[in-house]
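Labels below follow one simple rule: chain letters A, B, ... track the order of the sequence lines, proteins then strands, and each chain is numbered from 1.
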Number of protein chains: 2
Amino acid sequence: MKIEEAIKQKKFKTEYQKLFINIIYTAHWIDHETIKTLKPYGISPQQYNVLRILKGQYPKCISMNQIIDRMLDINSNASRLVEKLKQKQLVEREICENDRRQVDIKITENGLKLVDMVQEKIDELNNFSKIISTTEAEKFNQFLDKIRV
Amino acid sequence: MKIEEAIKQKKFKTEYQKLFINIIYTAHWIDHETIKTLKPYGISPQQYNVLRILKGQYPKCISMNQIIDRMLDINSNASRLVEKLKQKQLVEREICENDRRQVDIKITENGLKLVDMVQEKIDELNNFSKIISTTEAEKFNQFLDKIRV
DNA sequence: AAAATATATATGTATATACATTAACTGTTA
DNA sequence: TAACAGTTAATGTATATACATATATATTTT
């Protein structure tokens, strides 16, 4: 559906303004789709994001700071997210002996299983191969990288 | 900055997955920039979005339902947002006499002034003319429109 | 080594969001 | 016209987020 219909706005100042708004609108749309996909598994998109990061490091641990560095949402409260995941026994957390300020966080077997189950469904959302070519996707990636000054 | 550096992830399964993640990450980035821009004016991005919608209708009123239809975030609680804006005297709200279930909402003079002041600064965020051509922006818009099934 | 500074994480708090439910009103149908 | 269904908006509640502050530990400076 065209963005004009989606938000019932016929005109935009420029094609650039339209693109700006389209990016925001589409990201919200993606977020809602992701929420729906994850709901049966009892986790939020942010929690999924943390699990994916932890899976990427498995079987190594990773510190809270490193998680924050890798997260899609710059401002999210990693500490509380990890606490939620721990309550669900999807991650383990222990104080780092070399630097007692730090905590070492690691995904559990349960966590790994959950990510594996979910990942497939999430990846369906990004199967753009029928819509654009790899070359175009590359261009779009370059563009997005450039607008974040 | 490249998305690989931004979230410290070297590899992606496909260029499409990278694009998917890039869209989410960039939208969050935009959101944070917008929050910073709006902060001095005491409103949130969602509240700004409502004000812009109302400005587009000015001097006509618009119902709560119509606001929801036009919002960028599908699930936002327009009713409470409008209440916040009313408290700041940026909008007026009154029950529609033709259909007493409905409310007519209208931006105030103060609201209009605020949007005018802010709009300029927000629009700086979407000045992509140095990064891509209008034709390319059109292509991206078409792509985004297509991924929202 | 004590004091000051820096770093890693956690917590407090106000506000926002997701989602279900409720309340008020309108329109339709039996 | 009474009962029912449909629509519009508001509210309740649990959870999430933004942002400031606190706590614990490590490092640097004097």
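- No contact: B:K36 has no heavy atom under 4.0 Å from any strand.
- Comparing atom distances between the A:N65 side chain and each of D:dG12, C:dA8, D:dA16 picks out C:dA8 as nearest.
- The ring pair (Phe, Tyr, Trp, His ring centres under 6.0 Å) pairs that include a residue from residues 35-54 of chain A number zero, where partners must be two or more places apart or lie in different chains.
- Considering only residues two or more places apart in sequence or on other chains, B:F128 meets the ring pair (Phe, Tyr, Trp, His ring centres under 6.0 Å) condition with A:F143.
- Put simply, CD on B:E83 is 15 Å from P on C:dT17, counting in whole angstrom units.
- At whole-Å resolution of the value, NZ in A:K88 and C1' in D:dT15 are 10 Å apart.
- Look at CE on A:M64: it is 14 Å from C1' on D:dA24, rounded to the nearest Å.
- Nearest to the side chain of B:Q47, among C:dA16, C:dT9, D:dT11, sits C:dA16.
- Qualifying side chain to side chain donor-acceptor pair (under 3.5 Å) partners for A:R101, counting only residues two or more places apart in sequence or in other chains: A:D99.
- Atom OH of B:Y48 is separated from atom P of C:dT15 by 23 Å (rounded to the nearest Å).
- When the nucleotides C:dA10, C:dT9, C:dT15 are ranked by their closest atom to the side chain of B:K84, C:dT15 comes out on top.
- Dashed line: the shortest gap from a side-chain N or O of B:K39 to OP1 or OP2 of D:dA18 is not under 4.0 Å.
- Nucleotide C:dA16 holds its P atom 10 Å from the CG atom of B:L85, rounded to whole Å.
- Residue order along DNA chain C, read from the 5' end via each residue's closest nucleotide, puts A:R93 first among A:I35 and A:R93.
- Sorted by first and then second residue, the side-chain hydrogen bond (donor to acceptor under 3.5 Å, both in side chains) pairs involving residues 103-114 of chain B (not counting sequence neighbours) are B:Y58-B:E109.
- Listed by first and then second residue, the ring pair (Phe, Tyr, Trp, His ring centres under 6.0 Å) pairs involving residues 95-118 of chain B amount to none (not counting sequence neighbours).
- Of the candidates D:dC19, C:dT17, D:dT17, C:dT17 carries the atom nearest the B:Q46 side chain, counting heavy atoms from C-beta on.
- For the pair B:L81 CG and C:dA16 P, the interatomic distance rounds to 8 Å; values are reported in whole Å.
- Among the nucleotides C:dA18, D:dT17, C:dT9, the one closest to the side chain of B:R80 is C:dA18.
- Rounded to an integer number of Å, the gap from CG of B:L38 to P of D:dA18 is 14 Å.
- Applying a 4.0 Å cut-off to non-hydrogen atoms, the residues of residues 94-106 of chain A that approach DNA chain D are A:D99, A:R100, A:R101, listed by residue number.
- For the atom pair CG (A:L125) and OG1 (A:T34), the distance works out to 5.5 Å, reported to the nearest 0.5 Å.
- Distance CD1 (A:I62) to P (C:dA8): 14 Å, rounded to an integer number of Å.
- When distances run from any side-chain atom of A:N77 to the nucleotides C:dA18, D:dA18, C:dT9, the shortest one goes to D:dA18.
- Judged by distance alone, the side chain of A:R148 and the main-chain N or O of B:M1 form a donor-acceptor pair under 3.5 Å.
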